[in-house]
Chemist: 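Below is one structure. I have some questions about it.
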Amino acid sequence: MRKVVLVTGASSGIGLALCKRLLAEDNELYLCLACRNTGKAEAVRATLLACYPTAEVTTVQVDVSNLQSVFEACKELKQRFQRLDYVYLNAGIMPNPQLNIKAFFSGLFSRKAIHMFSTAEGLLTQQDRVTADGLQEVFATNIFGHFILIRELEPLLCHSYNPSQLIWTSSRNARKSNFSLEDIQHRKGQEPYSSSKYATDLLNVALNRHFNQQGLYSSVICPGTVLTNLTYGILPPFLWTLLMPVIWLLRFFANSFTLTPYNGTEALIWLFHQKPESLNPLIKYLSATTGFGSNYVTVEKMDIDEDTAERFYQNLLELEKRVRVNTTQKSDHQS
């Protein structure tokens, strides 16, 4: 029987590289590309099928920042599939990143240079905005839209006799100091990306606590420092040109500089081959690359308090109740 894999954000960057590597691992997969842009998704589908004609590749349109889009996509997926073996929750945004130039140059020539480049700690702020659903866009895209996706797809995921896996793209940038239970959407802060990734780690722990007995397991990874459209927007092009030799050199001193999307998917592919029951829910799996370009996986214990994870999960459930009422009312009004 073909394994069924759903990948959000599959049309570029880490998501696209992941799809290519998954099919290279198993060209009999049933792969579903969950993308916001249907034109890009269909182009990726055609490319993948040209390389792997024995695979089954389909697309579903979903914008995880738009709850109505998530509900419609889930309805379509439940009509198509009886189960999902793997769901890669990869789609994400880091809008309008602003670089702290002073911190950048002071850190560049200090002992903290490698840590700074690896985690972007103290370097980046983002200008968030509010979605049509009244949610902060980074929170909605990176965490809450995926939470609703999981809740809607529970019938396809919870089979105790044959476990399913949720695999989240988190980050080394997930920092406890940027997250607050009193402001889970990070309305008041300036680092919504870091907050959303820490929230991802919290949700991962809570999901395992609530769903492992039903045959659903969750893991988080960090792809490392990868150069994609997400990161290229941080600096002007001329600065990237100047920094690239330095960044390549840093790879000999820090394994987190994976740089290419292919390298960044190493932990995602590693998890594809693991028995989920054997994995530690408090561990983050990190893609790593040597200075000479060899890929491997390392692990890191997350700075997570399980009580905080549970309280965050309950906050999400309360928010879910409210947005479902609002979405239903909006739908009734439009009809």
Side-chain angles (χ1 to χ4, degrees), residues 1-95 131-133 137-138 140-142 144-150 152-153 155-157 164-169 221 223 226-233 260-265 268-269 272:
M1 184 180 292
R2 291 177 186 262
K3 291 179 180 177
V4 183
V5 182
L6 178 71
V7 181
T8 69
S11 61
S12 63
I14 294 290
L16 175 56
L18 170 63
C19 290
K20 291 177 178 177
R21 289 195 66 179
L22 284 171
L23 292 177
E25 296 287 323
D26 182 354
N27 59 14
E28 295 290 326
L29 283 181
Y30 194 127
L31 184 61
C32 184
L33 316 176
C35 304
R36 182 173 54 184
N37 187 311
T38 52
K40 287 183 179 180
E42 288 298 333
V44 169
R45 175 180 178 271
T47 300
L48 294 174
L49 285 174
C51 298
Y52 303 98
T54 60
E56 197 71 50
V57 184
T58 60
T59 67
V60 63
Q61 197 279 330
V62 60
D63 177 354
V64 286
S65 72
N66 183 306
L67 296 179
Q68 189 59 46
S69 174
V70 175
F71 289 132
E72 290 172 3
C74 290
K75 182 179 178 182
E76 187 175 335
L77 289 167
K78 283 186 279 191
Q79 290 171 347
R80 283 195 217 173
F81 302 113
Q82 293 184 321
R83 66 167 284 114
L84 293 169
D85 296 285
Y86 301 86
V87 179
Y88 283 93
L89 303 149
N90 169 73
I93 59 169
M94 184 170 57
T131 70
D133 298 301
E137 187 179 32
V138 175
T141 306
N142 295 3
F144 192 66
H146 283 121
F147 174 70
I148 297 297
L149 187 80
I150 295 164
E152 286 291 298
L153 296 178
L156 307 185
L157 293 167
S164 295
Q165 284 182 261
L166 305 172
I167 303 174
W168 299 82
T169 302
I221 73 102
V226 179
L227 302 180
T228 66
N229 292 336
L230 204 68
T231 48
Y232 276 126
T260 70
Y262 179 94
N263 295 343
T265 60
L268 295 167
I269 293 297
F272 178 72

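Please read all numbers here as calculations on a predicted model, not as lab measurements.
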Chemist: With rounding to the nearest 0.5 angstrom, report the CG to CG distance, Leu166 to Leu6.
Modeler: 10.0 Å
Chemist: Is the backbone of Ser65 close enough, under 3.5 Å, to the side chain of Ser69 for a donor and an acceptor to pair up by distance?
Modeler: no
Chemist: Before giving the answer on side-chain contact (heavy atoms from CB on, under 4.5 Å), spell out for Cys19 and Leu31 the whole-Å C-alpha distance, their side-chain angles and the decisive distance to 0.1 Å.
Modeler: CA-CA 8 Å; Cys19 290; Leu31 184 61; 3.8 Å; yes
Chemist: Stepwise, does the side-chain contact (heavy atoms from CB on, under 4.5 Å) test hold for Val87 with Ile150?
Modeler: CA-CA 9 Å; Val87 179; Ile150 295 164; 5.9 Å; no
Chemist: About how many Å separate CD1 of Ile167 and OH of Tyr88, when rounded to the nearest 0.5 Å?
Modeler: 3.5 Å
Chemist: To the nearest 0.5 angstrom, please state how far the CG atom of Leu149 sits from the SG atom of Cys74.
Modeler: 4.5 Å
Chemist: Can you find a pair of side-chain heavy atoms, one from Leu29 and one from Arg2, that are under 4.5 Å apart?
Modeler: no
Chemist: Looking only at heavy atoms, what is the nearest atom pair of Val62 and Ala73, with distance?
Modeler: CB-CB, 3.7 Å
Chemist: With side-chain contact (heavy atoms from CB on, under 4.5 Å) as the test, would you mind laying out the steps for Cys51 and Leu23 before giving the verdict?
Modeler: CA-CA 9 Å; Cys51 298; Leu23 292 177; over 6 Å; no
Chemist: Test: side-chain hydrogen bond (donor to acceptor under 3.5 Å, both in side chains). Region: residues 34-44. Which pairs qualify, not counting sequence neighbours?
Modeler: Glu42-Thr59
Chemist: Do Thr169 and Leu89 have side chains that get closer than 4.5 Å, going by heavy atoms?
Modeler: no
Chemist: Strictly distance-based, threshold 3.5 Å: is any side-chain N or O of Thr8 a donor or acceptor partner for the main-chain N or O of Ala91?
Modeler: yes
Chemist: From Glu137 CD over to Asn66 CG, what is the distance, rounded to the nearest 0.5 angstrom?
Modeler: 11.0 Å
Chemist: Using the ring of Phe272 (Phe, Tyr or Trp, six-membered ring only), decide whether Lys3 places NZ or CZ under 6.0 Å from its centre and within 45 degrees of its axis.
Modeler: yes
Chemist: If we ignore hydrogens and angles and just use 3.5 Å, is the side chain of Tyr30 paired with the main-chain N or O of Val57 as donor and acceptor?
Modeler: no
Chemist: Short question: side chain of Asp85, backbone of Val5 - any donor-acceptor pair under 3.5 Å?
Modeler: no
Chemist: With a 4.5 Å cut-off on side-chain heavy atoms, are Thr260 and Val226 touching?
Modeler: no
Chemist: Can you tell me how far NZ of Lys20 sits from OH of Tyr52, rounded to the nearest 0.5 angstrom?
Modeler: 9.0 Å
Chemist: Report the C-alpha separation of Leu22 and Ile269 in whole Å, then their side-chain angles, then the decisive distance to 0.1 Å, and conclude whether the side-chain contact (heavy atoms from CB on, under 4.5 Å) test is met.
Modeler: CA-CA 7 Å; Leu22 284 171; Ile269 293 297; 3.9 Å; yes
Chemist: Any idea which heavy atoms bring Pro223 and Ile14 closest together, and the distance?
Modeler: CB-CD1, 3.8 Å
Chemist: Under the rule for side-chain contact (heavy atoms from CB on, under 4.5 Å), what residues qualify as partners of Arg80, not counting sequence neighbours?
Modeler: Cys32, Thr58, Val60, Glu76
Chemist: Write down the atom of Cys35, the atom of Ala10, and the distance for their closest heavy-atom approach.
Modeler: SG-N, 3.7 Å
Chemist: Write down the atom of Ala41, the atom of Ser11, and the distance for their closest heavy-atom approach.
Modeler: N-CB, 4.5 Å
Chemist: Parallel, tilted or perpendicular: which one describes the rings of His146 and Trp168, with boundaries at 30° and 60°?
Modeler: perpendicular
Chemist: Look at the side chain of Asn27 and the backbone N and O of Pro53, then say whether any donor-acceptor pair between them is shorter than 3.5 Å.
Modeler: no
Chemist: Report the residues that fulfil salt bridge (charged side-chain N to carboxylate O under 4.0 Å, His left out) with Lys78, sequence neighbours left out, ordered by chain and then residue number.
Modeler: Glu152
Chemist: Quick one: does Thr265's side chain have a donor or acceptor within less than 3.5 Å of a partner on Leu268's backbone?
Modeler: no
Chemist: Quick one: does Ser164's side chain have a donor or acceptor within less than 3.5 Å of a partner on Leu84's backbone?
Modeler: yes
Chemist: Please round to the nearest 0.5 Å and tell me the distance separating atom CG of Asp133 and atom CZ of Phe144.
Modeler: 9.0 Å
Chemist: Heavy atoms, side chains only, cut-off 4.5 Å: are Arg45 and Leu33 in contact?
Modeler: yes
